[in-house]
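One structure is given below, represented as structure tokens, and several questions about it will come after.
Throughout, protein chains are lettered first and strands after them, A, B, ... in sequence-line order, and every chain is numbered starting at 1. The figures here come from the full heavy-atom set of this structure, side chains too, leaving out hydrogens, waters and symmetry mates.
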2 protein chains.
Amino acid sequence: MTSGAQNPYPTADAGTSHVGRRIRSLREERGISLSELARRAGVGKATLSGLENGTRNPTLETLWAVTAQLGVGLASVVGTGPVVHGTAVQGVLLQAFEEEGATYELYRLVFPAGSSQLSPAHHQGVTEHLTVFAGLLRAGPADTPLLAGPGDYVTWRSDVPHTYATLGDQDVHASLLIRYPRLRNGLPDGPVREPGEVSPRGAASGR
Amino acid sequence: MTSGAQNPYPTADAGTSHVGRRIRSLREERGISLSELARRAGVGKATLSGLENGTRNPTLETLWAVTAQLGVGLASVVGTGPVVHGTAVQGVLLQAFEEEGATYELYRLVFPAGSSQLSPAHHQGVTEHLTVFAGLLRAGPADTPLLAGPGDYVTWRSDVPHTYATLGDQDVHASLLIRYPRLRNGLPDGPVREPGEVSPRGAASGR
DNA sequence: TCGTGTCGTTCCGTAAACGGAACGATCGTC
DNA sequence: GACGATCGTTCCGTTTACGGAACGACACGA
């Protein structure tokens with residue numbers, strides 16, 4: 001891998017240097033020197049120096065050793081996640097859960113007012129579960145989108161193309177839970193329940 | 001770094017293989033083969049095979065290339081964060097924010113009923129901001145801890161040793177925001193406001 | 001002024017992560 | 001059953017990230 005050939009990451013090449021800056025920042029906040037951190041983490045000064053300056057392409061093990069000494073998780077230095085569905089929507093992955101029958105990914109989404117977004121079909125059996133916090137959003141399968149306002153919960157099967165479009169002049173804030181069922185000989189386990197409906201505000205609230 | 005010599009990570013050695021399992025899992029959920037993912041990500045099949053099986057110690061660039069093709073952030077495969085303060089409390093870093101004057105780290109904490117925890121002093125100027133969701137918790141400076149119930153918000157300067165102890169027979173769920181002010185010639189900028197008080201429930205609610 | 005200590009960077013030989021190719025295994029298809 | 005395609009693993013030469021040592025820059029005391 002000479003250069004980030006086809007890395008679609010927003011700050012692909014700046015990625016390494018961003019991690020370096022973040023680590024240097026964390027280290028300086030804690031008031032310890034490069035030499036000291038290198039000693040504590042059990043890595044060479046050359047390694048840490050190159051890492052902080054973005055001139056090296058560090059190893060997972062190196063990153064673990066360093067971030068553990070800084071008392072933070074690796075996740076906090078590599079950024080929280082990528083943009084989910086293209087350009088209009090800004091979304092970051094907050095957390096991923098791995099359960100017996102499926103993997104869940106929780107995203108925080110912000111749709112700028114007036115934006116719309118078409119997302120291609122996911123793999124079979126994948127479902128999306130969206131809760132709107134603010135604004136008005138029309139989302140769901142491209143042919144039969146659903147309308148959701150603050151507090152509303154919508155869900156649909158995302159193995160077909162689906163859309164997101166804001167209504168009104170307000171930014172839309174929402175959380176999106178994507179469920180990837182574990183494949184069993186090519187066919188997914190059934191979803192939690194049959195999606196394709198709208199729960200009025202509060203009905204799907206956890207607490 | 002021959003072996004995870006002094007890596008205090010809970011699953012230090014299992015870390016690499018955990019990342020590999022997670023990536024394999026994500027790949028299989030999407031129904032694409034190892035060869036195909038390697039091709040799309042622009043990495044060698046040998047690299048991806050070794051990565052998924054935990055027999056290699058992948059590079060940051062490799063991880064980026066692969067996770068980007070899987071449509072997830074690097075953070076989602078390396079786990080969300082480390083245990084915060086030792087053994088009793090289970091805590092994961094949800095997100096880290098980098099602002100002009102300070103860095104913030106947001107943790108999700110669960111204290112098992114009956115547990116208590118002593119945490120050493122942080123660097124000067126560091127403050128902790130804790131919101132209790134469920135249960136009853138006594139937390140704060142070791143000499144003058146504060147009491148907080150569901151909905152309560154407590155804050156203190158953590159440049160002295162501080163404690164956490166549950167009250168009652170209920171697990172305590174809470175969020176903890178740690179603020180690391182940026183150092184200016186060795187001295188931190190002032191904290192947001194003078195901490196050391198308790199806000200009654202609701203007073204500090206974000207939403 | 002001259003040590004003396006520590007800072008972060010650079011140099012260098014070694015270990016290992018990298019990509020490409022070859023490999024056996026497993027599936028459909030004829 | 002033989003063939004072809006593709007699966008994931010293993011082998012191998014090249015590239016490069018690694019730790020240790022040497023380096024100049026700077027701060028502090030004698």
Side-chain angles (χ1 to χ4, degrees), chain A residues 1-7 13 15-17 19-70 74 77-78 183-187, chain B residues 1-7 13 15-17 19-70 74 77-78 183 185-186:
Chain A
M1 203 182 325
T2 44
S3 68
Q6 57 228 65
N7 190 335
D13 205 55
T16 299
S17 67
V19 169
R21 278 195 308 257
R22 177 102 180 89
I23 285 182
R24 172 159 291 177
S25 176
L26 286 169
R27 173 173 67 78
E28 290 175 343
E29 279 157 23
R30 284 153 182 71
I32 60 181
S33 68
L34 185 149
S35 310
E36 175 67 10
L37 178 58
R39 191 187 60 74
R40 288 192 204 174
V43 305
K45 292 202 294 179
T47 301
L48 185 53
S49 176
L51 166 54
E52 288 193 353
N53 290 320
T55 59
R56 283 211 191 166
N57 174 21
T59 281
L60 187 56
E61 198 172 350
T62 298
L63 284 172
W64 256 324
V66 173
T67 54
Q69 280 303 319
L70 291 170
L74 216 171
V77 303
V78 296
L183 294 175
R184 214 178 289 280
N185 55 34
L187 287 173
Chain B
M1 204 182 317
T2 44
S3 69
Q6 57 227 68
N7 190 336
D13 207 55
T16 299
S17 66
V19 169
R21 275 191 311 236
R22 177 104 181 86
I23 285 181
R24 172 158 290 177
S25 176
L26 287 168
R27 173 174 67 78
E28 289 176 345
E29 279 158 22
R30 283 154 182 71
I32 60 181
S33 68
L34 185 149
S35 310
E36 176 67 10
L37 178 57
R39 193 189 58 76
R40 288 192 203 174
V43 306
K45 292 201 293 179
T47 301
L48 185 53
S49 176
L51 166 54
E52 288 192 352
N53 290 321
T55 60
R56 283 209 191 168
N57 174 21
T59 282
L60 187 56
E61 197 173 350
T62 298
L63 284 172
W64 256 324
V66 173
T67 55
Q69 279 303 321
L70 291 171
L74 218 170
V77 302
V78 296
L183 295 175
N185 53 36

Task: Side chain of A/Thr47 - closest among D/dT9, C/dT9, D/dG19 - done: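 Given the options D/dT9, C/dT9, D/dG19, the side chain of A/Thr47 is closest to D/dG19.
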- [ ] Please report, rounded to the nearest Å, how far the C1' atom of D/dG8 is from the CD atom of B/Glu52.
- [x]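 Taking atom C1' of D/dG8 as the reference, CD of B/Glu52 is at 9 Å.
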- [ ] Let me see the working for B/Leu26 and B/Thr67 under side-chain contact (heavy atoms from CB on, under 4.5 Å), right down to the final yes or no.
- [x] CA-CA 9 Å; B/Leu26 287 168; B/Thr67 55; over 6 Å; no
Open item on the list: Measure CZ/A/Arg56 against P/D/dT16 and give the value in whole Å, please.
Closed with: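 Answer to the nearest Å: 13 Å.
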Task: Phosphate OP1/OP2 of C/dC18: any B/Thr62 side-chain N/O under 4.0 Å - done: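 Yes.
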- [ ] Output yes when a side-chain donor or acceptor of A/Ser49 lies under 3.5 Å from a complementary backbone atom of A/Lys45, and no otherwise.
- [x] no
Open item on the list: Side chain of A/Ala46, heavy atoms from C-beta onward: which of D/dG20, C/dA17, D/dT10 has the nearest atom to it?
Closed with: D/dG20
- [ ] May I ask you to evaluate whether B/Arg27 reaches the phosphate of D/dG8, defined as a side-chain N or O under 4.0 Å from OP1 or OP2?
- [x] yes
- [ ] Return the nearest nucleotide to the side chain of B/Ser33; candidates are D/dA17, D/dC7, C/dT10.
- [x] D/dC7
Open item on the list: Strictly below 4.0 Å: does B/Thr59 bring a side-chain N or O up to OP1 or OP2 of C/dC18?
Closed with: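 For C/dC18, OP1 or OP2 has a side-chain N or O of B/Thr59 closer than 4.0 Å.
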Task: End axis versus end axis in the helix from C/dT1-D/dA30 to C/dC30-D/dG1, the angle rounded to 10°, five pairs used at each terminus - done: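 For the helix from C/dT1-D/dA30 to C/dC30-D/dG1, the axes at opposite ends meet at about 20°.
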Task: Separation of C/dC18 C1' from B/Trp64 CH2 (nearest whole Å) - done: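 So the CH2-C1' distance, B/Trp64 to C/dC18, works out to 18 Å.
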- [ ] List the protein contact pattern of nucleotides 23-28 of chain C with one symbol per nucleotide (5' to 3'): B for base contact, S for sugar-phosphate-only contact, - for none; contact means a heavy-atom distance under 4.0 Å.
- [x] ------
TODO: Please answer whether the main-chain N or O of B/Thr62 pairs with a side-chain N or O of B/Thr59 as donor and acceptor at a distance below 3.5 Å.
DONE: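 Here the side-chain-to-backbone pair does not exist.
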Task: Any B/Asn57 side-chain nitrogen or oxygen under 4.0 Å from OP1 or OP2 of C/dA16 - done: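 So the side-chain polar atoms of B/Asn57 never come under 4.0 Å of the phosphate oxygens OP1 or OP2 of C/dA16.
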Task: Nucleotide nearest A/Val43 when distance is taken to its side chain, options C/dT9, C/dC18, D/dG19 - done: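 Nearest to the side-chain atoms of A/Val43, counting from C-beta on, is D/dG19.
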Task: Under 4.0 angstrom between B/Ser35 side-chain N/O and D/dC7 OP1 or OP2 - done: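 True: B/Ser35 side-chain N/O within range (under 4.0 Å) of D/dC7 OP1/OP2.
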